[in-house]
A.B. asks: 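So that we are looking at the same thing, I have put the structure below in structure tokens.
Naming convention: chains lettered A, B, ... in sequence-line order (proteins, then strands); numbering from 1 in each chain. This structure is a prediction, so every number in the text was calculated from the model and none was measured.
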Amino acid sequence: MAYQPDRSQYPSRKPDGSLDIDLSSGKYLKLWQGPQHPGITGNMSVELTVCGDEVIEGKTHVGYLHRGFEKLMERRTFIQCFPIVCRICVPEPDFNEYCYAAAVEELAGLEVPERADWIRTLILEMGRINSYLMYLGGQAGALGQGVIGQWTTYVRDLMLDRFEELSGARIYHMFIMPGGVRDGLPDGFDQRMEETLREIESTLADVKDVMFTNAVFKKRTVGLGYIDPAIVDQYGVTGPTARAAGVAKDVRRDQPYLVYPQLDFEPVVGQDSDVFARADVRRRDLLMSVDLIRQILARMPRSGAVMAPLPNVLHWKIPFGETYIRGECSRGEYGYYLVTDGSGYPRRVNVRGPSYTHAMALLERLIVNCNISDVAALMVSLHTYPPEIER
Amino acid sequence: MRDLYDRLKTAFPLGELTEQRPDLAFVTVAKEQLRSLLLHLRDQEGFTHLVLLTAVDWLEEGNFQLTYLMNNRLACRDLGVRVMLPRDPASMDSIHDLWPTAATYQRELREMFGIDFPGSPRVDEDFILEGWIRTPPYRRDFDTLKFSDEVFAPRPGRASSDPTEFMKQQLYPDKT
Amino acid sequence: MSFEWIKIPYALLTLFIVANYGFLLTAVMAKIAARVGRRHGIPVWQNYVDLIKNYGLRSSITHGVMFYLGPVFRLTGGVGLLMFVPTIYGTEMFSNMSFAGDLILALYFVFFGSLGMALGAGESGHPHSAIGVTRGLSQVTAAELPFALAVYAVAVQYQTLSVTEIVAAQQGGILHWTLFSNPLAVAAAMLSFLGTMMRPPFDVVLAPQEIPIGPPTEYHSSYLALMQTNRAIFPIAKIVIYMNLFFGGAASWPVFFLKVFLIYLVSVIVGVVFPRFRVEQSIRWFLIWAVPLGIAAILMV
Amino acid sequence: MSLSDVLSPFSAWKNLFRDPVTIPDPLNDRPGAPRYRGFHQNDIEKCIGCGTCEAICQNAAIDMVAVAEIATKPGDSGLRPRIDYGRCCWCALCVDVCMTSSLSMSNEYKWVDHDPDAFCFIPGVDLKHWDSSELGYRRPEGHRLTGIERVAMGELEPEVRADSFVEIVAGYDLEQAKLEADRCVSCGLCVATCPTHMAVPEYIATIRDGDYEQGVRLLYQTNPFSNVCGRVCTHRCETSCAARHEGDPIAIRWLKRHIIDQVTHDRIKQIAAEGRVSKPSGHQVAIIGAGPAGLTAAFDLAKAGHGVTVFEALPAPGGMMRYGIPEYRLPYDKLDEDVDVIRSMGVEIRCNTRVGEDISIDQLREQHDTVLLSIGLHQGRSTRIPGSEHEDVVSAVELLRRITFGERFDVPTTVAVIGGGNVAMDIARSLARMQRQQHGQVGVTLVALEAEDLMLADREEIDEAREEGVVIIPSRGPRQCLIERDALTGLETVHCVSVFDDQGRFAPNYDDSDIQIHDAGLIVEAIGQAADHAFLGESLTEALEWERNRIRIDADGRTSESWLWAAGDAVQGPDVITAVAAGHRIAASMMEAFAGTSAQTH
Amino acid sequence: MKDDFPTPPVRDELKKRVVETPDGQTIEIDPLRDYYCQSAPTVMPAAYSKIVEGLFNWARAESLWILGFGTGCGAIEMRPLMTPRFDAYRYGIQWRPTPRQSNLFVISGYLSVKTLKRVIRSYEQMPNPKYVVGLGSCTINGGMYFDSYNTITRLDQYLPVDVYIAGCMPRPEALLAGFEELKRIIRAGKAEGANQYAEQFDWYKANQKRVIHDWDMPDYNW
């Protein structure tokens, strides 16, 4: 059931293809959503041109969180880059750590111990759960249902406790280093993790009852923000957003990394490609991550090195080369393009965050003909995190 | 990857193939051939997904390297297409009509590297920065620390001693 | 009918009790809603602190006369509504200034506040205020329609427009309440009630994720304090009407407190668990579900 | 859309009857996890102020600052890290890289202040309530960002080397040297400890970069005896190396040798000559003794354009480097290379010229502007125990000199060596080699006054000596040499309980009940050396100021006579690198003196 | 610092233009001049009576309304703060979506130049008295972005700050500790940042203008 707006009000187009909008006619209104606006994900803004309640043009404005990571990394040594990369994406920082570490390891020819690979996979799945929990709260919140956010943030907090005891920090874990991970699991971690997973599962059951089996929620989201499977590649759509459109893209299966080949899972795919389908795909993906964590904890080796011996990091040089490392984060394909030139500093790092394509080109396309009320829900459904757009 | 390279080689003048991994390789192509190569890759070879488009500043050689990373998601492999551009003035054909997302990448390159993409939508608008009037920041000749120190003025009161010099001063005060 | 001046201090006393009850009740409701979210929620006295804080803010800028009058009108709506409805049935002290035709007056006051707000918020110049106001007006219109129908049904049922007399007619046992004598009208009115309590799924006016906070976006300091006071009084006043029309009124303060609490709770029970409708969805919802009920109620009578 | 879609959401209300999950008092109830990376702690006693934390901090959050409570001493810069919490990102790289594990993190995380300048503090010095916190991030077991194990040096096996004077140490190859150089954290603590302040971090960096010519350049800035020092230096730098606290110190000495081994001798000569003043200044300097001090001064002075003549009593230059150190530790050709570089600066070395016999000191004074006395310690001290005047009781220096001359005299099957220093080891091992060559077996007994762990010799010398068959018996004092029918038969020793008294003075305390006899056809005394000052003549000896049998000098090496400087072992004690440092100082001092005067005409 | 790179042309809508007003006057408009921000705020005295001011200060301390503007990464820890685990509502803290109704601005971490502009606009819209809490290293001395060309290093150059919280990022508990400290300062009547801003307006404005060149903004919402 695709959303079919009434196009009779549509403004005509100028010869150069842009919309012919005369603001002084009083028919149209420029409305800024963000950056200081509760209905925006993070610190970004959308410049809406509205006619009545209908959005006829939307432009994403980013850059409010730009710190110039790619430049900063060019003047930091390879080890000094490691604490900084996680800041590129706040809610799920671990992918930055992994992709960066893997890129450095590949170019430096480091062999990571197997145990470290298992722990890395564990961390990535934990981060995925965190990110999805945050998304679920945000998706319900964008539609005015605050209680889901209360529950999911609480269980996310429990997961942050697990992160804290594992890595020593709540948000920026800085645990996955080039060469491996910093340390093994603490004592009793498995048991506490199992308790947390159970709490998550019970909360998700509640979420299913209250959010997904909800007449109003369905009314708002079914049919909203339809993405045609045909434009998935054109617009660089990846991850759950693509899977909700029936395109079974999942880097974990397509180009497996870490220990994913040894785990038993099947990508979650949806059909309807609307906001509801995307939310549902993410909910099921979350449950799959819970299952993956159980598999990992049951099968991971418990002893052995967690770090490859590093050269002295204070003057670590990496020979000339370039590579691209990708991983499947909760929002889609996350990748690091790293170029080295034989010196102690990266020549160039480019971070490919999935939000980059989702929040710009795709959002600007989907937002047309959408109701003002739905802008927030639509944007949240693409699960974008602004800091990874502008870095 | 080698077979693909050999196939492409018959139709396009390509540089050497750099095989980074079994599923990732890089190849260099001339500026003029890029568009037809990308089209060929997209329509004939199944490289439908433009993963990223970015630039590397080889200041010493006076070149920009543009990297178009293409992904064939059925075959699960990637091909990075490199194009070398003279650094000044840097200008490149836009591919926003092939992939709408490319317009965003091109806006970023325009702002951060000063590479022009004539015809790309909104390419001259501010993208990330606002009111930036200096050298595009991602160019290698832009010194970000120097800029920051001058414009943002770090908090005074910080000073550090070098252990070597400090020890010489302390232990051999007359032999400095 | 001679006017008794003693009614004025009595009415002010009513106002005082209701306002305080309103402050405490909203805080208690916030705590209850917070419990659903598994937390404690605000302290019960928080509303007072906020009120003092807002009165204590030093700067207050204005966007013109109407901007200033907006909250005043709004408060007038709330106070007026309360003033012309008997708060406690059967007591001289707390039946306020109810007259024979006060039902119509009460309906008028319900609208009055929204209109005042519309003028004020429009003056503030913030586009989100303006959008919020247009949403508010369309929503109020749609939501008050079933209420008006229900009131009409009740008026026809009891053959009077005086709230006092309607309450009087419901005395003598729970089965005499309109709730049981005319359930369709009550159903229509309660659906409308949901729509006017600014809670999901009908909080399209404030809709924080859409139009930050709607009409009051530009309001601050004492303007906001005034509106907060109104927000304590107005819902209670409205619930008093509902209580009087449909739930047998209250003959004493304890009964009053209990009934108001329970009626208020209805909106919270629904509000906490649903997301928000879009404007046109909510209007359509009222027209499809509530209005036919109201019409049916009239037909039944 | 079904009825359940309307009713199901109300199930949320079940939470009304559950307890809230809110933490009652989050400000006090929530300590950080045991591994939490909270605020920094620093054990300032353990900290050595190496600044590695500062180097790795990508936020420039750490400054090394002087702290009143901490004095600078070798191996401890006296600086301590000051952390700016306006910069820190709590990545704990500083903890990971800390060379002594002094830096750690507590699990405390609340710090609020209205003053932005208050967030700079020196952990451990500016006291904080979390200083004694037990929990918090510590570097995990085995998690190191720098190498800890020294790259093993290739050495001849004991059975191969025991009967040969071939050099034992093989030297690092390129790969090994890179690995070892990679461990250096470039803190520079060693620089101040090195008497001549060699630019150690910098020349080690040249190994990593493969730029050996630059390495040689750096070496020659402070030390013209890199071949020698790369082999036999006492490497005090390694005792102050930051890496020694949690692993092996960097093999600075071997790395130096590696650099010099990688560049051809001719190229070294060119590099050493860079910056040489070719125009003669006209000043003439006489240097008595071609040891490390004298030749270093000669090198500096000649490079600056002054005329230098070195007078050496023995047949070849090098002094103790040649006549005191056995060939298996320092091959003569390597020493010759160093001397050759110095000669190539224009230094004239007159060997077999003994001042006082072949030329008088007064002549020297007349013919030169200044004179440097660097005669070394070439006379062995005697224990003066009963029987020590026997002809088979000899001093170690004398014996070593004879070995250097190439005399392959007969060594008896049993030898006793008295002394626990490096000279004792040298002679013991040399004699052991000759015994093995002559008799096929070793019979050397070494008795040292000190206990095993207090012996003055380097640890590796002791170990290697044992490997080569030398029997080392610590804590024994010589009592008398046993002589039967004019022939030496053995050495009698007693157990030494302690060497020094409470005030730290030399006053050995013996346990007379514990007596041992060591068979010995030859007894070698290696308990110290003395200088021979007879050539100075009476008047000059009178004129000079003396201090415990040594000529008194000031910090620049000047004696009380304005034309005479003194340096080297004779005034400062036995150590090549100290002598080199003195040589530099004296050269600088002399040039300072020249700066005021015009050249004499001779 | 002078760069040789050519200055990009000024956008059309940012050029100065002359417009005719409805009553016939002609005025010149310079979009790059910040009309809003150039009107200096006035210093607002405290209530005359000490007791009243004391009461107000108590109420201000117990009713901290945070502006819902997540300026940097620290915003992610604001959410746990307002949810079951930490439930800051019980301390009188809540979000407001509009600056007009907020009296506390939590600068959650680094500020890019682009955000700083919006932050200043928002701050100036907040009613006096208003408070600023700087969260994390970045607000104190630049934090890990000390060398970035796009983030400010010292928040106190641009806005008066009442409390700083160390950390990167500070945990919710640390934030609560910061709010407690702020409450103490407010109760003591020492949180006069708004008046300080008004008094030293020229100094603050000069600092702001040194880093922000383009003052063009829609005139509402921040």
A.B. asks: If you draw a 6.0 Å radius around NE2 in His114(D), do more than 12 non-hydrogen atoms from other residues or ligands fall strictly inside?
C.D. replies: no

A.B. asks: Grab the two heavy atoms, one from Ala66(D) and one from Phe166(B), that are nearest each other, plus how far apart they are.
C.D. replies: CB-CZ, 3.6 Å

A.B. asks: Below 4.5 Å from any heavy atom of chain B, which atoms of Pro116(D) appear? Answer side chain, backbone, both or neither.
C.D. replies: both

A.B. asks: Do Thr72(D) side-chain atoms and Gln170(B) backbone N/O form a donor-acceptor pair below 3.5 Å?
C.D. replies: no

A.B. asks: Hey, could you give me the OG/CZ distance between Ser161(B) and Arg82(D), rounded to the nearest 0.5 Å?
C.D. replies: 9.0 Å

A.B. asks: So which residue, Val191(D), Leu79(D), Leu189(D), ends up with the most heavy-atom pairs under 4.5 Å with chain B?
C.D. replies: Leu79(D)

A.B. asks: Flag yes if more than 12 heavy atoms outside Glu592(D) fall under 6.0 Å of its CD atom; otherwise flag no.
C.D. replies: no

A.B. asks: Working to the nearest 0.5 angstrom, can you tell me the gap between Ser160(B) OG and Met64(D) CE?
C.D. replies: 7.0 Å

A.B. asks: For Cys187(D), is it the side chain, the backbone, both or neither that has a heavy atom under 4.5 Å from a heavy atom of chain B?
C.D. replies: backbone

A.B. asks: To the nearest 0.5 Å, tell me how far Ser77(D) OG sits from Glu165(B) CD.
C.D. replies: 12.0 Å

A.B. asks: Decide yes or no on side chain to side chain contact (heavy atoms under 4.5 Å, CB included) for Met167(B) and Lys73(D), but give the supporting numbers first.
C.D. replies: CA-CA 8 Å; Met167(B) 286 178 83; Lys73(D) 54 182 184 284; over 6 Å; no

A.B. asks: Where is the tightest heavy-atom contact between Cys50(D) and Pro163(B), given as atom of each residue plus distance?
C.D. replies: O-CG, 3.6 Å

A.B. asks: So, for Ala192(D) and Leu171(B), which heavy atoms are closest and what is the spacing to 0.1 Å?
C.D. replies: CB-CD1, 4.0 Å

A.B. asks: Go through the atoms of Arg155(B) and report whether side chain, backbone, both or neither lie under 4.5 Å from a heavy atom of chain D.
C.D. replies: side chain

A.B. asks: Can you see which heavy atom on Arg158(B) is nearest to which on Ala61(D), and at what distance?
C.D. replies: NH2-C, 3.5 Å

